[in-house]
*Asks:* 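Just dropping this structure here.
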Amino acid sequence: LTMKDWHTNSECEDAILKQDKNAGQKFYIIECGKSGVCVASWRKRVMLAKGRYRLQAAVRAQNLAPLKDGAPWGVSLRIAGAEPTRRFEDTKTMQPLTFEFQIVETFQFVELVAEMRSSRGEARFDADAFKLVKLP
């Protein structure tokens with residue numbers, strides 16, 4: 001399953017979502033804008049067969065801070081409609097991040113989500129590190 005060609009989604013006016021190539025490496029980047037509210041993500045819609053899956057990525061999160069409304073914050077992976085199992089608040093280097101989920105229908109469309117919720121800072125996802133693995 002190719003994990004290229006993600007699209008952007010933002011719940012705030014001034015989040016900055018962009019792609020960057022650095023020394024042959026491609027990144028999906030989310031930056032908080034001047035408003036101090038960033039709820040934004042890179043997303044990919046996929047059709048999956050019944051089974052258990054693990055979404056994997058590598059991310060570096062810098063200078064993140066809680067949102068003023070007290071909602072959960074940080075950088076995470078999930079599928080649309082689900083809560084993430086783990087969030088990173090700050091990393092100095094690229095760190096692996098995973099999210100496991102189950103498809104119960106014979107076939108089902110799901111939207112994979114690589115998300116940042118923060119009042120400042122930046123998340124940088126390694127575009128080549130995204131993998132979707134079907135578990136035994």
Side-chain angles (χ1 to χ4, degrees):
L1 177 64
T2 177
M3 294 302 288
K4 306 222 179 298
D5 302 321
W6 291 61
H7 67 274
T8 60
N9 184 349
S10 181
E11 295 178 26
C12 47
E13 294 177 10
D14 64 347
I16 301 158
L17 293 105
K18 61 186 180 181
Q19 296 181 39
D20 182 32
K21 283 188 180 168
N22 187 354
Q25 203 171 13
K26 184 176 170 186
F27 297 95
Y28 292 120
I29 298 170
I30 304 172
E31 295 176 7
C32 190
K34 291 183 182 3
S35 70
V37 177
C38 181
V39 178
S41 57
W42 286 91
R43 293 173 179 242
K44 182 171 182 70
R45 191 169 160 87
V46 295
M47 169 77 82
L48 298 175
K50 186 175 187 174
R52 291 186 40 76
Y53 292 86
R54 179 187 306 120
L55 175 60
Q56 301 172 182
V59 65
R60 187 176 80 212
Q62 295 182 294
N63 302 315
L64 304 190
L67 292 163
K68 290 178 179 62
D69 65 5
W73 62 285
V75 175
S76 62
L77 295 177
R78 62 184 177 88
I79 60 171
E83 283 297 313
T85 50
R86 181 169 190 199
R87 297 178 195 273
F88 280 135
E89 296 171 359
D90 215 10
T91 65
K92 300 295 180 232
T93 59
M94 281 285 167
Q95 296 292 318
L97 186 57
T98 63
F99 178 75
E100 292 187 9
F101 61 97
Q102 186 161 351
I103 300 298
V104 294
E105 304 293 327
T106 305
F107 289 98
Q108 183 179 338
F109 273 112
V110 295
E111 194 163 42
L112 308 174
V113 180
E115 181 175 60
M116 181 174 108
R117 294 172 165 269
S118 182
S119 61
R120 67 170 193 240
E122 173 190 283
R124 181 174 289 254
F125 293 90
D126 181 339
D128 295 325
F130 280 105
K131 288 187 178 53
L132 185 60
V133 179
K134 188 164 187 194
L135 302 173

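In this chain, residues are counted from 1 in sequence order. What you see below is based on every heavy atom in this structure, not just the backbone, and it leaves out hydrogens, waters and symmetry mates.
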*Asks:* Which distance, rounded to the nearest 0.5 Å, do you find between the CD of Gln19 and the NZ of Lys26?
*Replies:*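 If we round to the nearest 0.5 Å, Gln19:CD and Lys26:NZ are 4.0 Å apart.
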
*Asks:* What's the shortest heavy-atom distance between Pro84 and Phe99, and which atoms?
*Replies:*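 Looks like CA-CE1, 4.0 Å.
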
*Asks:* Taking only Lys NZ, Arg NE, NH1 and NH2, and the carboxylate oxygens of Asp or Glu, determine whether Glu111 and Arg45 approach each other closer than 4.0 Å.
*Replies:*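 Result for this pair is no, no salt bridge flagged.
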
*Asks:* Minimum heavy-atom separation for Thr85 to Thr98, with atom names?
*Replies:*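 Answer, listing the atom of Thr85 first, then Thr98: OG1-O, 4.1 Å.
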
*Asks:* Is a side-chain N or O of Arg120 found less than 3.5 angstrom from the main chain of Cys32, in a donor-acceptor match?
*Replies:*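 No; judged by distance alone, with no hydrogens or angles, the pair does not exist.
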
*Asks:* Main chain of Arg43, side chain of Ser41: is a donor-acceptor contact present, judged purely on distance under 3.5 Å?
*Replies:*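 No, because the side chain of Ser41 does not come within donor-acceptor range (under 3.5 Å) of the backbone of Arg43.
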
*Asks:* Quick one: list whatever passes ring pair (Phe, Tyr, Trp, His ring centres under 6.0 Å) with Phe88, sequence neighbours left out.
*Replies:*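 Once residues adjacent in sequence are excluded, Phe88 has no partner under the ring pair (Phe, Tyr, Trp, His ring centres under 6.0 Å) criterion.
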
*Asks:* Of all the heavy-atom pairs spanning Val110 and Leu48, show the shortest one and how long it is.
*Replies:*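 It is CG2-CD1, 3.6 Å.
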
*Asks:* Relative to each other, are the rings of Tyr28 and Trp42 parallel, tilted or perpendicular (30° and 60° limits)?
*Replies:*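 Geometry flag for Trp42 against Tyr28: tilted rings.
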
*Asks:* For atom CD of Gln102, decide whether the heavy atoms of other residues, nucleotides or ligands shown that lie under 6.0 angstrom number more than 12.
*Replies:*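 Yes, enclosed.
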
*Asks:* Do Phe101 and Leu77 touch side chain to side chain, with heavy atoms closer than 4.5 Å?
*Replies:*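 Not touching, per the 4.5 Å side-chain cut-off.
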
*Asks:* Please find the pair of heavy atoms, one from Asp90 and one from Asn63, that lie closest to each other, and give the distance.
*Replies:*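 So the minimum-distance heavy-atom pair works out to OD1-N, 3.1 Å.
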
*Asks:* Any side-chain hydrogen bond (donor to acceptor under 3.5 Å, both in side chains) pairs touching residues 64-78, not counting sequence neighbours?
*Replies:*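 Sorted result for residues 64-78: Arg78-Glu115.
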
*Asks:* Can you tell me if Lys134 uses its side chain to pair, donor with acceptor, with the backbone of Lys50 under 3.5 Å?
*Replies:*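 Here the side-chain-to-backbone pair exists.
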
*Asks:* Would you name the heavy atoms of Val59 and Leu97 that are closest together and state the gap between them?
*Replies:*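 Looks like CG1-CD2, 4.0 Å.
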
*Asks:* I need the minimum non-hydrogen distance between Val113 and Ile79, along with the two atoms involved.
*Replies:*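 Closest approach of Val113 to Ile79: CG2-C, 4.1 Å.
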
*Asks:* When rounded to the nearest 0.5 angstrom, what distance separates CD1 in Ile29 from NZ in Lys18?
*Replies:*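 Between Ile29 CD1 and Lys18 NZ, I get 5.5 Å after rounding to 0.5 Å.
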
*Asks:* What about Phe107 and Phe109, same hydrophobic cluster or not, with Ile/Leu/Val/Met/Phe/Trp/Tyr joined at side-chain heavy-atom distances under 4.5 Å?
*Replies:*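 Yes, same cluster.
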
*Asks:* If the condition is side chain to side chain contact (heavy atoms under 4.5 Å, CB included), which residues does Ala61 pass it with, not counting sequence neighbours?
*Replies:*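 Leu64, Val75, Thr91.
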
*Asks:* For the pair Asp126 (side chain) and Ala58 (backbone), establish whether a donor and an acceptor sit closer than 3.5 Å, ignoring hydrogens and angles.
*Replies:*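 No: the side chain of Asp126 does not pair with the backbone of Ala58.
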
*Asks:* Calculate, to the nearest 0.5 Å, the distance between atoms CG and NE2 belonging to Leu17 and His7 respectively.
*Replies:*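 One finds 11.0 Å between CG of Leu17 and NE2 of His7.
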
*Asks:* Would Phe125 and Trp6 count as a close aromatic pair, with their ring centres under 6.0 Å?
*Replies:*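 No, the ring of Phe125 stays outside the 6.0 Å limit from the ring of Trp6, centre to centre.
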
*Asks:* So, taking the atom named CZ in Arg60 and the one named CD in Glu122, what distance separates them when rounded to the nearest 0.5 Å?
*Replies:*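 One gets 6.5 Å once the value is rounded to the nearest 0.5 Å.
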
*Asks:* Do Leu55 and Phe27 land in one hydrophobic cluster if side-chain heavy atoms of ILVMFWY residues count as linked below 4.5 Å?
*Replies:*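 No, because Leu55 and Phe27 fall into different hydrophobic clusters, even though each may have its own neighbours under 4.5 Å.
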
*Asks:* Say you draw a straight line from NZ of Lys34 to CD of Glu13; how long is it, rounded to the nearest 0.5 Å?
*Replies:*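 So the NZ of Lys34 and the CD of Glu13 are separated by 14.0 Å.
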
*Asks:* Apply side-chain contact (heavy atoms from CB on, under 4.5 Å) to Gln62 and Arg124, showing your working.
*Replies:* CA-CA 9 Å; Gln62 295 182 294; Arg124 181 174 289 254; 6.0 Å; no

